Every structure is written in structure tokens, then in C-alpha cells.
Amino acid sequence: KVEDGNDVSEINDAFNRAKDESTKPSLIIVKTLIGYGSPNKQGKASAHGEALGVEELEATKKFFEWNYEPFEVPEEIKNLTTQFRMDGIAREKEWKSQTGLYQKAFPDLFKEFEDWFSNMDYSKILLEDHDFWKFEKPMATRIASGLLINRLADVMPNLIGGSADLAPSNKTNISNKGDFSAENRAGGNLHFGVREHAMSAIGNGIQVHGGLKVFVSTFFVFTDYMKAGMRLSSIMKLPVTYVLTHDSIGVGEDGPTHEPVEQLAALRSMPGMTVFRPADAHETAAGWYLAATKKDGPVALILTRQTLPLYEETGVEALKGAYIINKSLETKTIPDIILMASGSELKLVIEAAATLAQEGIVARVVSVPSFELFDEQEETYKEEVLPSSVTARIAVEAGSSFGWHRFTGLKGRVIGLDRYGASGKAESLFEAFGFTAENVISVSKEILKA
């Protein structure tokens, strides 16, 4: 504890004691007085929220014996900063000398060190790895994510991550790496405890340090607890991966408090955050491919608890953010209506399109796992997927409708959830709130008749 925050030697002593402690973290508490040196404002809120003003500034300068003109840098400070620079140059020279010796003595380890800290590009390796993209049966996207994490761990030795005490539910355990601890620094699984905010901050710190590729995980609704950390990931363009499971009212037994309704809209509104909500295991692989190879910002993977179908048409094309799923069923160049969905709701629009086709209505199905990735595409591609001539459009997502109108337009409709959920089984809630193929068909016919 530093009683006087203006005593530089006392602060230095505290830091040195912290550096000497090598077995546990150190906490330094520094007592300070806001606005210290301002005779009339120190210790007051005005020292924080207002400018000092001309007279108070002069009085403060007098207190600190600062007898220099504005922007004048004293020679003493110039000399000190020059010395810091020279010391830094010397330390860098010493570092390069040591790494040169290390490279000669341990060439393989040095190569691995360089790969880890250079953000090695795994895109080609993963694209050509057929096993990475291979799935054979329907499954929840959280389960597919768990398989993919372990597939990635075999390719990326510096992958590390964990959950806010929810690893069994989030499916984030790396099976062959053990747990990171003071006794096992080689462990790949981090146990953050029930503290999402600290988890996101730790993830950011790991990524800033470099050398490791980090992911963190919790239930999607709990992003409210770590929004500040996620925001910092976005501001700092840190490629932290957020694995967020239990993505909709499909977790109904826990009630409205645990059902993410507004969270998708909230994350999509965050500049720099890429939100990816896959509809099956193939799209989940695309999401993890994105997360593993992205170097300039965070990725949020939004995953289901419930089992989803496995589609033949899904896969790497999901990296475009939105793409046509049922091309083979389209009998004319321009469809009558466009049905869009993300995640588990894709199943509903596929079923609806098949039924509408039997009645001679051509409904294009578009999977939209990521608004942000679709925004990055060329205008010609966007027009190809969502032709402007087709104003009959429906978007289906078991969450807030906010944000979808940019794709549906004023004449389209959003089947969303603009209220909080309810307690009940997933199937019952989806039916109660209109997330059924029958409702999609009904709304489609309403729009086409209008």
C-alpha cells in the first residue's frame, strides 16, 4: 500500500517488491488526491470535470515551482528522455544478441517461437484440411464447436482458452492439453471462474502480449457482464475469439433471464466485432476458420444448445456472410420471395420454401451467418444474393428484429422476438412465438398478396 501517491520513491519501491514476488500476483494500492497541487480545486469534483482556468493554472504552476513557458521542455527532461532512449537501444541490442545465440543453439524452438509471435497464417492449411470441415450427422453447433476446437489444437499448438466456469456446457475443453496452472504452465485450458468481465480482460491481455491464440467462452446472455472487455477487443482490433453458446429462447427452461433476445443486435452494433451465428456444423467450421485466421479484430461465435440439421449446401461459402442455400430448387432467375435466416432458424425457412415450391411459389433461401462479412462483399455479389427487384422478403431470427430491416426493406417482414421470452421447452417457445415453418409460409403469402 502506497500512502502517498506523490512519493515517486515509495511507488518505485512497491513495484520492485511486486517484481520480486514470483509465486503469486501482487496488488498495489496507491492513495492519491485528485487535482493535487491546485490550491482551490484539489480534492474536489471540479478538479476532474472542469478546466483549471487561468488563475488556478498559475497558482498550480507556482505550487509545483514550474517556471517555464507553454510547450517549453526543460533541459533536465530532454536529457532524461534521451537517456531512456539510449537505454532502450542498448537493451534491444542485448535482446537481439541473446536471441541470436538462442537461434543457433535451438533452431527448432526458435522457429516455433517466431511462428507463434508472428501470427502464423493457417488459412491455407485449414482450407485444405478435409477433416477440419468434415461432419457426418446433425448436432448442436456448440458440440460442433467443441470438435473444431480440438481439431484446431492439433494444428495450432499455441491455441489456449477456456470458459467462465461453463466448459462442460460451452464444450470448450481441449482434450489433450491439460489445465493451465502454476504447476502446469504448458496447459491449454484456462479456468476463469464465474467472472466474465475479468475473463474478457484476461483474453485481451493475452492477445496483446502475443504468442498465443486465445478464446474465451460463456452463455450468450452473459455477454452483458463482459461488454466492456469485448468493446476493448474491438477498439484495439484484437483477434480474441468469443465462444457464446445457448444462443436463443431455445434455452427456455431457465426462463427469460437466461434467454438472449437483444444480445445479437447489441453485438452487431459494436464496430469492429464480427458476429457469426452458424446454422449447422459446416457453417460452424467456417466460423472457426474465420476466428483462427483473423488478425485484426474479435470474432463472436453464437452457438446453439439444441441439435440442428446438417446441410449439404453449407460450408466455406458462409464466409461471405450471406449466401443462397437452395439454388437447385429455383426454377427462375428472379425468385418470388426471399427468405433469410441465421442459426437454428434456417431450418424453418428451408422447410417453408419447400412447401411454397409445391404451390408454385419460388422462395429463395439465404443463410445469413454474419452481417459484417456480407457488408464486406462486392455490390455485385450482394445484388446477386438479394436482388433489389425482389421486395418481398422475410428475415427469421429468434431474437430482436433490430438490424434486420436493412435487408428486408420497408416492404419486407421480420419474424423476430421484440419482447423477453418465457419459461418452457424450446419447441413450445418457438411455436408460441411464431418460429415455425407454418408461420413463415403464412407471412410469405400475406406479403405476396399485398
Side-chain angles (χ1 to χ4, degrees), residues 109 112-113 115-116 119-120 122-123 125-196 198-200 202-203 206-207 209 211-220 222 239-247 251 276 278 280-294 298-308 310 315:
L109 286 174
E112 188 175 6
F113 173 84
D115 288 344
W116 287 26
N119 289 323
M120 183 176 170
Y122 288 95
S123 56
I125 295 172
L126 293 177
L127 276 177
E128 296 176 355
D129 185 350
H130 298 295
D131 289 336
F132 178 78
W133 300 88
K134 185 178 180 181
F135 294 91
E136 296 179 345
K137 63 180 181 179
M139 64 182 68
T141 52
R142 64 167 174 159
I143 293 176
S145 172
L147 295 173
L148 289 159
I149 286 172
N150 280 276
R151 292 174 186 179
L152 279 172
D154 291 337
V155 178
M156 303 173 66
N158 59 336
L159 183 68
I160 189 170
S163 165
D165 204 37
L166 290 166
S169 293
N170 297 147
K171 307 301 179 186
T172 50
N173 191 65
I174 303 175
S175 59
N176 62 351
K177 279 201 170 183
D179 298 333
F180 178 89
S181 68
E183 291 74 36
N184 181 23
R185 300 296 176 92
N189 294 294
L190 297 168
H191 293 272
F192 292 103
V194 188
R195 44 181 198 152
E196 278 82 1
M199 176 175 69
S200 63
I202 292 167
I206 291 172
Q207 208 60 61
H209 178 275
L212 299 173
K213 178 64 175 175
V214 67
F215 65 87
V216 299
S217 182
T218 187
F219 287 170
F220 188 28
F222 297 151
V240 176
T241 302
Y242 290 91
V243 181
L244 307 169
T245 71
H246 297 62
D247 68 339
V251 298
F276 197 97
D280 71 349
H282 293 149
E283 285 195 356
T284 307
W288 263 113
Y289 171 87
L290 171 71
T293 58
K294 192 170 174 60
V299 173
L301 301 176
I302 318 300
L303 309 171
T304 67
R305 180 184 70 167
Q306 68 271 34
T307 298
L308 303 184
L310 184 65

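Since the structure is predicted, the reported quantities are computational estimates derived from the model, not experimental observations. Residues take their numbers from the sequence shown, with the count starting at 1.
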First locate atom CG of Asn176, then atom CG of Asp154, and finally report the distance between them rounded to the nearest 0.5 Å.
6.0 Å
First locate atom CG of Asp280, then atom CE of Met139, and finally report the distance between them rounded to the nearest 0.5 Å.
9.5 Å
Could you please spell out the steps behind the side chain to side chain contact (heavy atoms under 4.5 Å, CB included) verdict for Asp247 and Thr141?
CA-CA 10 Å; Asp247 68 339; Thr141 52; 5.6 Å; no
Say whether, by atom type as modelled, one donor and one acceptor occur between the side chain of Trp133 and the main chain of Leu126 under 3.5 angstrom.
yes
Between Pro157 and Trp116, is any pair of side-chain heavy atoms under 4.5 Å apart?
yes
Looking at Lys213 and Thr293, would you say the former's side chain and the latter's main chain have a donor-acceptor pair under 3.5 Å?
no
Minimum heavy-atom separation for Ser200 to Tyr242, with atom names?
CB-OH, 3.9 Å
Is there a side-chain contact between Phe215 and Ile174, using heavy atoms and a 4.5 Å cut-off?
yes
Nearest-0.5 Å distance that lies between atom CG in Leu190 and atom CD1 in Ile160
4.0 Å
Between the NE2 atom in His246 and the CG atom in Asn170, the distance rounded to the nearest 0.5 Å is 7.5 Å
Rounded to the nearest 0.5 Å, how far does NZ of Lys137 lie from OG1 of Thr307?
9.0 Å
When you measure from the side chain of Asn189 to the backbone of Asn173, do you find a donor-acceptor pair of N or O atoms at a distance under 3.5 Å?
no
Backbone N/O of Leu212 and side chain of Gln207: donor-acceptor pair under 3.5 Å:
yes
Which heavy atom of Ala281 sits nearest to which heavy atom of Leu310, and what is that distance?
CB-CD1, 3.9 Å
Is it true that a side-chain atom of Lys177 and a backbone atom of Leu159 form a donor plus acceptor pair closer than 3.5 Å?
yes
Using the rule given for side chain to side chain donor-acceptor pair (under 3.5 Å), can you reason through Thr284 versus Ser145, listing the C-alpha separation, both sets of side-chain angles and the distance that settles it, and then say yes or no?
CA-CA 6 Å; Thr284 307; Ser145 172; over 6 Å; no
Might you point out which heavy atoms bring Ala300 and Leu244 nearest each other, and give the distance in Å?
CB-CD1, 4.0 Å
If I compare all heavy atoms of Phe132 with all of Ala285, which pair ends up nearest, and what's the gap?
CE2-O, 3.5 Å
Are Phe222 and Val194 side-chain neighbours, meaning at least one heavy-atom pair lies under 4.5 Å?
no
Is there a side-chain contact between Met199 and Thr218 (heavy atoms, below 4.5 Å)?
yes
Are side-chain heavy atoms of Met156 and Ile125 found at a separation under 4.5 Å?
no
Using side chain to side chain contact (heavy atoms under 4.5 Å, CB included), reason through Phe135 and Leu148 one step at a time and then give a plain yes or no.
CA-CA 10 Å; Phe135 294 91; Leu148 289 159; 3.8 Å; yes
Any cation-pi pair here, Arg142 with Phe220, using under 6.0 Å and within 45°?
no
Does Asp179 use its side chain to pair, donor to acceptor, with the backbone of His191 at less than 3.5 Å?
no
Taking all non-hydrogen atoms of both residues into account, name the closest pair between Pro239 and Lys294 and its distance.
CB-O, 3.2 Å
If I take atom CG from residue Leu303 and atom OG1 from residue Thr172, how far apart are they, to the nearest 0.5 angstrom?
10.5 Å
Taking all heavy atoms of Gly203 and all of Val240, pick out the closest pair and write down the distance.
O-CG2, 3.8 Å
